[in-house]
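Below, chain A is the first sequence line, B the second, and so on; all start at residue 1. What's counted below: heavy atoms across the whole structure, side chains too, no hydrogens, waters or symmetry copies.
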Amino acid sequence: MEKFLIHTGTAAPLRRSNVDTDQIIPAEYLKRVTRTGFEDGLFKGWRNDPDFVLNRPEYQGVSVLVAGPDFGTGSSREHAVWALNDFGFKVVISSRFADIFRGNSGKAGLLTAAVDQSVVEELWAIIEADPAAAVTIDLQAQTITCVGMNASFDVDPYVRWRLLEGLDDIGITLRYAYEVAAYESARPSFKPTSAEPTAAR
Amino acid sequence: MAARSGHTLAEKVWEDHVVRRFEGEPDLLYIDMHLVHEVTSPQAFDGLRAAGRPVRRPDLTLATEDHNVPTIDINQPIADPVSRAQIDALRSNAEEFGVLLYPLGSVEQGIVHVVGPQLGITQPGMTIVCGDSHTSTHGAFGALAFGIGTSEVEHVLATQTLPLKPFKTMAITVDGVLPVGASAKDLILAIIAQIGTGGGQGHVIEYRGEAIRALSMEGRMTLCNMSIEAGARAGMIAPDDTTFEYVRGRPHAPAGADWDAAVAYWRTLVTDDDARFDTEVFIDATAVAPFVTWGTNPGQGLPLSAVVPSPDDAADDTARIGIEQALEYMDLVPGTPLRDIAIDTVFVGSCTNGRIEDLRAVAQILQGRHVADSVRMLIVPGSARVRLEAHAEGLDEIFTTAGAEWREAGCSMCLGMNPDKIAPGERSASTSNRNFEGRQGPGGRTHLVSPEVAAATAVLGHLAAPADL
């Protein structure tokens with residue numbers, strides 16, 4: 001996982017509340033065998049609408065999503081985070097996130113920045129007036145700045161630490177490589193391996 | 001190992017695998033063997049690829065194809081595109097990451113929980129995981145074995161460890177001797193009926209007592225296999241001479257001095273007299289009789305001599321609604337003797353009852369008899385090796401002469417993921433582990449039974465025990 005320190009990019013306003021994970025990515029995408037390439041399923045139900053914000057030419061290439069309250073409710077599918085990541089989002093800003101979605105995001109390197117709804121409204125006004133406006137999210141300082149606007153955001157301290165360090169669950173365990181190696185060196189020789197045994201046995 | 005006291009079997013195996021312990025954090029446990037199949041592994045491998053990580057211990061990882069594979073015409077390409085994609089993904093992942101794979105057609109291919117024990121890879125005192133809830137099967141050897149999710153599969157592939165919070169411990173003591181005609185399957189169905197599908201929640205169950213000691217390894221595997229159906233994370237049985245004799249001489253069993261060291265260690269893997277379990281359950285083996293399920297969860301079972309229950313028998317409203325819904329789905333009328341329930345399809349196989357001993361029990365009953373005209377009977381060995389063994393013993397001839405279909409190895413009709421399914425409204429007697437709605441095919445109705453009951457049912461066309469023949 002890449003370290004997340006500071007991110008600057010353009011943002012799309014998603015003026016909807018209670019966007020659940022079925023809306024983020026429908027169940028039919030759960031049968032796939034890959035962990036990447038879910039961008040085509042992101043917000044599938046809305047993508048055929050030319051007026052949908054992500055279809056509008058002025059919002060191409062966005063990396064920040066500014067959404068209404070209660071983003072990510074419903075099914076626990078990790079695919080919702082993968083789809084947002086695959087589409088190119090680095091940050092979702094909302095006044096409230098569903099717990100499981102937020103947990104999954106932290107593990108997969110997607111920053112969920114929680115702010116007051118007034119900040120969301122202010123951001124919506126700015127990026128709707130000027131879709132090219134750059135938004136900067138500084139995880140170290142926990143601030144969002146955009147065309148003279150400056151606001152702080154909430155993020156779980158443990159998740160913040162992991163994002164700053166670029167550590168996923170596996171990354172954290174890999175920090176204990178020394179302990180794992182020490183354990184391995186003391187394993188009894190009678191423990192089996194999966195290597196095909198020689199005929200001599 | 002130092003002398004220990006006050007520990008259960010599960011706690012001993014756990015303690016022997018702690019890589020790192022830190023107050024307030026989960027223990028980091030070492031995983032001795034990671035079994036892999038095609039359904040839950042593709043995204044885990046893809047995650048490794050995305051992060052540029054290797055498999056830490058390919059030599060402690062073993063893959064096989066089971067859930068999606070057809071059990072006839074196995075030389076033909078797999079027809080279903082989703083199944084084929086999962087199989088293809090496993091094959092390319094195994095090659096790319098250096099993991100040994102036993103593919104369809106290999107003599108070692110089979111259901112992952114049949115393959116491990118028969119190779120001697122499953123041994124006492126190990127930690128064994130797989131992205132499959134029936135990994136609890138391997139606990140029959142005194143291993144701590146449990147199912148994990150895809151993210152955890154990736155974690156084990158990358159690190160050979162898992163961060164885990166301790167499980168609670170439960171003792172299920174089965175005293176007395178199982179009556180003639182009652183098998184390990186009947187026992188576990190009776191246990192689940194008694195403690196419920198949530199009875200083992202959060203626990204590792206240790207099965208103990210006279211009736212457990214008397215079980216063969218195959219019977220112990222059947223028992224531990226269905227621990228998950230009681231809601232438990234794992235099931236375990238302390239290893240003893242029966243265990244050691246089963247492991248001895250198998251391809252991956254320790255040999256020479258290693259064997260002696262291993263057995264000396266394995267003998268320490270018993271619950272200490274002064275150990276305490278979080279929960280204790282007692283079962284009277286002498287009261288166990290052939291047992292079948294009538295409903296849509298494995299806890300909805302009764303002795304074969306009973307009648308279909310009535311919603312009025314329920315202790316509370318929740319239970320009443322549960323019975324009503326199950327009866328409606330199963331299309332059963334309260335008060336009907338279970339023996340009167342006519343069966344369309346009989347399935348013998350799965351990780352619960354697809355081992356050679358199960359096939360022998362079925363053959364013994366089918367010998368000189370014929371499957372009823374109204375019944376389709378499918379007999380599916382748990383592995384290609386089991387299939388060969390059955391051939392060597394002439395069981396295949398008994399099966400086909402009796403009018404049963406004798407298939408190639410795989411998960412088959414246990415779950416609706418491959419061509420072996422039952423049709424909507426069809427009723428099966430199945431030696432598998434789950435009678436959930438639609439489990440064996442959309443709209444299908446499943447009665448869980450032992451291999452012996454399956455065979456007698458196939459002959460008579462209705463739920464029956466060998467004694468009815």
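In this structure the side chain of A:Glu78 reaches within 4.5 angstrom of the side chain of A:Arg35, judged on heavy atoms. You'll find the side chain of A:Ser189 reaches within 4.5 Å of the side chain of B:Asp258, heavy atoms only.
Heavy atoms closer than 4.5 Å to chain B are found in the side chain of A:Tyr183, but not in its backbone. At a 4.5 Å heavy-atom cutoff, B:Val39 makes no contact with chain A through either its backbone or its side chain. Looking at B:Met126, the atoms closer than 4.5 Å to chain A (heavy atoms on both sides) sit in the backbone and in the side chain alike. Residue A:Ala108 does not touch chain B at all, counting heavy-atom pairs closer than 4.5 Å. Proximity to chain A is absent for every atom of B:Phe22, based on heavy atoms less than 4.5 angstrom apart. For B:Glu154, the parts lying near chain A are the backbone and the side chain together; criterion is any non-hydrogen pair under 4.5 Å. With a 4.5 angstrom heavy-atom cutoff, B:Glu25 touches chain A only via side-chain atoms.
Each side chain to side chain donor-acceptor pair (under 3.5 Å) pair with one or both residues in residues 56-66 of chain A, not counting sequence neighbours, appears once here: A:His7-A:Ser63, A:Arg56-A:Glu58.
Inspection of non-hydrogen atoms places B:Asp46, B:Gly47, B:Arg53, B:Arg56, B:Arg57, B:Pro58, B:Asp59, B:Leu60, B:Thr61, B:Leu62 of residues 45-63 of chain B under 4.5 Å from chain A. Using a 4.5 Å cut-off between non-hydrogen atoms, the part of residues 113-124 of chain B that approaches chain A consists of B:Ile121, B:Gln123.
Taking the six-membered ring where the residue is Trp, A:Phe97 and A:Phe101 present parallel rings, their angle staying beneath 30° rather than reaching 60°.
Figure legend: cation-pi geometry between A:Arg32 and A:Tyr29 absent, as NZ or CZ is not positioned both under 6.0 Å from the six-membered ring centre and within 45° of its axis. A cation-pi arrangement is absent between A:Arg77 and A:Trp82, since the terminal nitrogen or guanidinium carbon is not both under 6.0 Å from the aromatic centre and inside a 45° cone about the axis.
Salt-bridge check for B:Arg91 with B:Glu65: passed, with a basic side-chain N closer than 4.0 Å to an acidic carboxylate O.
Contact tally against chain A (heavy-atom pairs below 4.5 Å) for B:Ala89, B:Ala257, B:Pro163, B:Ser151: the top residue is B:Ser151.
For A:Asp169, the salt bridge (charged side-chain N to carboxylate O under 4.0 Å, His left out) criterion is met by A:Lys107, A:Arg162, not counting sequence neighbours.
When atom types are taken as modelled, the side chain of A:Asp138 and the backbone of A:Thr143 share no donor-acceptor pair closer than 3.5 angstrom. The closest donor-acceptor contact from the side chain of B:Glu152 to the backbone of B:Gly149 lies under 3.5 Å.
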Inset, instruction - Tell me, with the steps shown, if A:Phe87 and A:Phe43 meet ring pair (Phe, Tyr, Trp, His ring centres under 6.0 Å). - result: CA-CA 10 Å; A:Phe87 192 85; A:Phe43 301 128; 7.8 Å; no

Inset, instruction - Kindly determine whether B:Trp266 and B:Phe244 satisfy ring pair (Phe, Tyr, Trp, His ring centres under 6.0 Å), including the steps that lead there. - result: CA-CA 9 Å; B:Trp266 296 345; B:Phe244 309 149; 5.7 Å; yes

Inset, instruction - Go through the steps for B:Tyr30 and B:His17 under the test ring pair (Phe, Tyr, Trp, His ring centres under 6.0 Å), then give the verdict. - result: CA-CA 5 Å; B:Tyr30 198 79; B:His17 291 84; 7.5 Å; no

